[in-house]
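See structure below.
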Amino acid sequence: MLDELYWEVHHLVLDLADTRNEIRSAPRGSDAIYAVPCFLHAKIQGENPVKSAEEFAERWNKIIHGDDPLSQTHQRWFPNSVIQRFEASRGYVNVFVDQKALHTRILKDLLDYGEEYGHYPKLNKTMVVDYCSPNIAKPLSVGHLRSTIIGQALINILRAAGYRVVGINFMGDWGTQFGKLLYAFEQWGNEKKLEDEPIQHLLELYVRFHKEAKENPALEDEGRAAFKRLQQGGEKERALWQRFRESSLEAFEKTVARLGVKFDHNWFESEFEERARELVDELLAKGIAEESEGAIIIRFKPLWPGKPPEPPPTQSPLVIRKSDGTTLYPTRDLASAVERIERFQPVHRLLYAVASEQTLYFSQLWNALEEMRKKGFFKHAKINQPGILEHVRFGMVSLPTGKISTREGRIVYLDELLDEAERRAQEIIKEKNPDMPKDARAQVARKVGIGAVIYADLSQDRIKDITFEWSKMLSFDGNSAPYLQYAAVRCAKILEKAKSEDRERLDTLNEQDIPALAEELKEPESVKLLMHLGRFPQAIAEAAERYAPHVLASYLYDLAVLLSRFYTQVPVLKAETDAARLARLELVEATGRVLRKGLALLGIETPEEM
RNA sequence: GCCCCUGUAGCUCAGCAGGAUAGAGCAACGGUUUCCUAAACCGUAGGUCGUGGGUUCGAGUCCCGCCAGGGGUACCA
């Protein structure tokens, strides 16, 4: 409903044709819903802004009240307008609406759409989202958390916004690091240990390799050589690699399941080895790639002309085949991008939820794909717009002691974090709700603890670096997942305690009942809550547009705050009249639904009780 | 050297394409539980929006310089 209102105002504002159309929210304390600044228009016209605002207010009032030639058209386009009047104020035109009519419309939307409220119609546009994509030679650390959580939230949000979305987890099961592991296992490996605790053992080997390589750089060559043998199909190497891969995979899947993440596709880097090799030849043949110092590279144009005496700065080239003839991660990734484009066509965007340290790399990949597109590389798929690739980057996670490094053992494992989250949640439940039975407690602790971890990440702008701190990651008060879950649980419990005849009336509400409900929601707490519910669709749209889950997170936080205020100020079950009780129950029901839904979009479950 | 990102209250962060008095949480201090779970609510205190210029009727927001922190910079992924 609110988007409709926004468009109506927008339509009128086109009147200020010579300026950018601006619709701002009204200042706090005002009853207006929007404010339109007229300064720019006034300036261009050489008028006084205060006077311009007055003129526009008068004009628009005439239009909506039927005293203007444009009135007919306007009323045809916006037959259900809830705008009441326009009022000029210090250079702004404030927009006032018929509150009751607006509330009725919002309630109607909430009732009509039910569980689907906030969802947009299907767009027929496909987004392919790359996320998680771990290197499976080592265990998941908190560093992998961001990509996984952000990617999953984005997928959910984009789906709600109407996109067709394909989520891909591109597993790093190939590359020099496996050569290093093969070599390390040959040198220091223990057959039994690999059998019993494979992950632990692989990690030890990985760390040891890098420690020894520091003293003896020749080991790096040994690693590369072992990878080359693997790549050429050495039997011994293949067999061992398979074992490494399987045990890593098993551990990986267990951990990721705890986050409630499900991938549409698990793709493996190793599966793109052959295509990557072919791709190099094709790129050479098309003149997109070239030979340099024994390697095959894609060279890029200078970023800008530069200052004459010095050479123009160029983006470093992308190496796609090493001088020893083997491919690299970028080659396989590029091959995989080609596959994504052709297989899921027509693809609107290829999104990559990957840390910002890879910014340069993705810029290279972007340029490479652009070059390929221009040279007609994509035969089967149509790519209409340039810039199909979008790097959804996020800041680094570091520990108070410094950058995360598996090699140097400076790391917090994801499982360790999730265990701790659940443990702390258990403690708090024991304290706050001692009567809860033990098995229920474990379930609730899982949802609350893991929810807290997810929310801690998603509630802030992706781009910012995070210094990992237990207290922050596992916050259970204030702006945190448990606060939102608590609010949702309160809603559910109120409904549970409502009399069955009330619940029945709620379930059988129809259109004629709605104005009466709106009439009952008089208290400022109720009205603010209802108005905020009306903004849910826009929160989803903005989060999708900006690839920004935190937009949705902060919407939900505001909603929970408004619910909490409502909850402490306005009695529901003990409302003065039947009519008021019913209206408030409906409000509580809708709020609970939106909170639950919004949390689910972020990948956070809501417990039944807490 | 060059490129990218970040800098808002003691701490952690919001602030959407510049708009009417900069908002939260945590921490601090004070208050609220015979009443739908106090993981809550209300109040007090706390800000030269890193810094210096510029554009503008108007700048936390845009442009330039500088400072600080982080990341990246051809055969790792």
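Naming convention: chains lettered A, B, ... in sequence-line order (proteins, then strands); numbering from 1 in each chain.
For Asn169(A), the side-chain hydrogen bond (donor to acceptor under 3.5 Å, both in side chains) partners are Asn266(A), not counting sequence neighbours. Looking at residues two or more places apart in sequence or on another chain, you find a salt bridge (Lys or Arg N to Asp or Glu O under 4.0 Å) between Arg146(A) and Asp457(A).
Protein atom NZ of Lys464(A) is 8 Å distant from nucleotide atom C1' of rA14(B), rounded to whole Å. In this structure, Arg90(A) places its CZ atom 11 Å from C1' of rG19(B), rounding to the nearest Å. rC36(B) atom P lies 5 Å from atom NZ of Lys574(A), rounded to whole Å. One atom, OH of Tyr486(A), and another, C1' of rG25(B), lie 18 Å apart when rounded to the nearest Å.
Arg584(A) and Glu576(A) are joined by a salt bridge, as a carboxylate oxygen and a charged side-chain nitrogen come within less than 4.0 angstrom of each other.
If you check every strand for non-hydrogen atoms under 4.0 Å, Ala35(A) touches a base. Using a 4.0 Å heavy-atom cutoff across all strands shown, Tyr567(A) reaches at least one base atom of the nucleic acid.
For Ser292(A) and rA74(B), a side-chain-to-base donor-acceptor distance below 3.5 Å is present, hydrogens and geometry of angles not being considered. Scanning atom types as modelled, one donor and one acceptor separated by under 3.5 angstrom connect the side chain of Asn94(A) and the base of rA20(B).
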Short N/O separations, protein against nucleotides 55-59 of chain B, under 3.5 angstrom:
residue	atom	partner	partner atom	Å
rU56(B)	O3'	Lys43(A)	NZ	3.0
rC57(B)	OP1	Lys43(A)	NZ	2.4

Polar atom pairs (N or O), protein with nucleotides 41-44 of chain B, under 3.5 Å:
residue	atom	partner	partner atom	Å
rC41(B)	OP1	Tyr483(A)	OH	2.6
rC42(B)	OP1	Arg565(A)	NE	2.7

Mind listing the N/O atom pairs, protein and nucleotides 71-73 of chain B, below 3.5 Å?
residue	atom	partner	partner atom	Å
rG72(B)	OP1	Lys403(A)	NZ	3.2

Write out a two-atom table: protein N or O, nucleotide N or O from nucleotides 27-30 of chain B, distance below 3.5 Å.
none

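A distance of about 11 Å separates the C1' atoms of rU61(B) and rG19(B), rounded to the whole Å.
Tested against Ile320(A) for a side chain to side chain contact (heavy atoms under 4.5 Å, CB included), the candidates Leu284(A), Leu328(A), Ile298(A) yield a single pass: Ile298(A).
By the stacking rule of 5.5 Å between ring centres and under 30° between planes, Tyr92(A) stacks on the base of rA20(B).
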